[in-house]
Amino acid sequence: MRGPSIFPTALATQQQARAMAASLRLGSSALRSSLRTSTNAHVNSVAFNGLRCYSSKSLVRLQASASPVLNANQTTRDYGSKVVGEVTLDQVYGGARGIKSLVWEHLIICRSRNARSSCQKRQVARNRCQRVGTVQLPRTHAHIAGLFWLLLTGEVPSEQQVRDLSAEWAARSDVPKFVEELIDRCPSDLHPMAQFSIAVTALEHESSFAKAYAKGIKKTEYWQHTFEDSMDLIAKLPTIAARIYRNVYKDGKVPAIQKDKDYAWNLSNQLGYSDNKDFVELMRLYLTIHTDHEGGNVSAHTTHLVGSALSSPMLSLAAGLNGLAGPLHGLYVTISPRMTAQC
């Protein structure tokens, strides 16, 4: 079982981003729009335009390294005729249990020599990620942006690349006003996952993929807009989750994203727990573990399945969230203590 309540959402989006890979919106307007009000707006505008221009070099590197087309072609060219398994009728009627029908890079148990070697290489890469991009981050935990870069490109990023990616997420973090109002109008006793699904579905209004597809784009360009939406989702999810949490359990006031802080710290701060260092570290560890999420569970599989219909990442993730809310998946984390207490 993976994931309680409203936090494990970046993982499904990250998997979709990793599958469809990379193009980045580098226009300065997105970064400017995320600035806090300043007494010298012109100075801020010039400064952040310059920063975005500088950081775009790293982000273009991410784009160049993450294209899925080459990876897919290489795999099918080398292993296209390989038989991956046998399917029985019992498996078909039994909920597809044990059927190898999904493509994802998993890291579970190392049983063979080759698997052990693969795991060791992956662990070395992760350990190297722990030593880069450590903005107020202990050496014991990998930086989430660094692992995201690793999952997309297979390369360990430099510290500057991690900082640039974190800045890009911060620049995209603003949630549309109508989505905030939609969340605020939800009754407080509506389950947080239902509110989360509503908010993510509403972001379809902002979908780059949906707009591009309506105008007509080539199939070879699908991944660019899919990645664009995925980056936007990853950036906006903490603020959406925090707003729901604050409305249900606190005063409804959500602190702004701080551009010089990492992803987990900002989420912890928006929830109201940034003063608790142990909580922040737990959030970093939690998000780090979930970035290497397997692809066959209900929420991740549903996200991919709905995406295969060319639904946007917004609609695909919302579908995955609805699966996550089921009592045999993410909701189990919240109901299991009650069940245990009744025994």
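Since the model is a prediction, treat every value here as computed from it, not as a measurement. Just the heavy atoms: all of them, side chains too, but no hydrogens, waters or symmetry mates, feed the values below.
Residues Glu281 and Arg284 are paired through a salt bridge, judged by an N-O separation under 4.0 Å between the basic side chain and the carboxylate. Salt-bridge check for Glu181 with Arg185: failed, with every basic side-chain N at 4.0 Å or more from each acidic carboxylate O. Between Lys236 and Asp174, none of the side-chain N atoms (NZ, or NE/NH1/NH2) sits under 4.0 Å from a carboxylate O, so this pair counts as no salt bridge. Ion pairing between Lys211 and Glu228 fails under the 4.0 Å rule for side-chain N and carboxylate O. Ion pairing of Glu159 with Arg163 is present here, as a side-chain N (NZ or NE/NH1/NH2) and a carboxylate O approach within less than 4.0 Å.
Taking the centre of each ring, Phe178 and His205 come in below the 6.0 Å mark. Between Phe148 and Trp169, the gap from one ring centroid to the other is short of 6.0 Å.
A single hydrophobic cluster is seen to contain both Leu267 and Phe279, as judged by linkage of ILVMFWY side chains at heavy-atom distances under 4.5 Å, directly or through other members. No chain of hydrophobic side-chain contacts below 4.5 Å, direct or via other Ile, Leu, Val, Met, Phe, Trp or Tyr residues, connects Val175 to Leu182. Two different hydrophobic clusters hold Ile244 and Val254 under the rule that ILVMFWY side chains link at heavy-atom gaps under 4.5 Å.
Classification of the Tyr222-Phe209 ring pair by plane angle, with boundaries at 30° and 60°, yields perpendicular.
Of all the heavy atoms in Ser274 and Asn269, the pair that sits closest is OG-OD1, 2.8 Å. Contact detail for Val306 and Leu315: the closest heavy-atom pair is CG1-O, 4.3 Å. Between Gln195 and Ser188, the closest heavy-atom pair is NE2-O, 4.4 Å. For the residue pair Ala318 and Val200, the shortest heavy atom distance occurs at N-CG1, 4.0 Å. Nearest heavy atoms, Ile198 versus Leu190: CD1-CD2, 4.1 Å. Among all heavy-atom pairs drawn from Asn322 and Ser197, the shortest one is OD1-OG, 2.9 Å.
Checking Asp229 against Ser207 by side-chain atom types alone, a donor-acceptor pair falls below 3.5 Å. Looking at Gln270 and Asn266, their side chains never bring a donor and an acceptor atom within 3.5 Å of each other. For the residue pair Ser299 / Asn297, a side-chain donor-acceptor distance below 3.5 Å is found, with atom types taken as modelled.
By the 4.5 Å heavy-atom criterion applied to side chains, Phe196 and Ile183 are not counted as neighbours. Looking only at side-chain heavy atoms (C-beta outward), Tyr273 and Val280 stay at 4.5 Å or farther from each other.
For the atom pair His329 NE2 and Leu324 CG, the distance stands at 5.0 Å (nearest 0.5 Å).
Under a cutoff of 6.0 Å and an axis angle of 45°, Lys253 and Tyr245 do not form a cation-pi pair.
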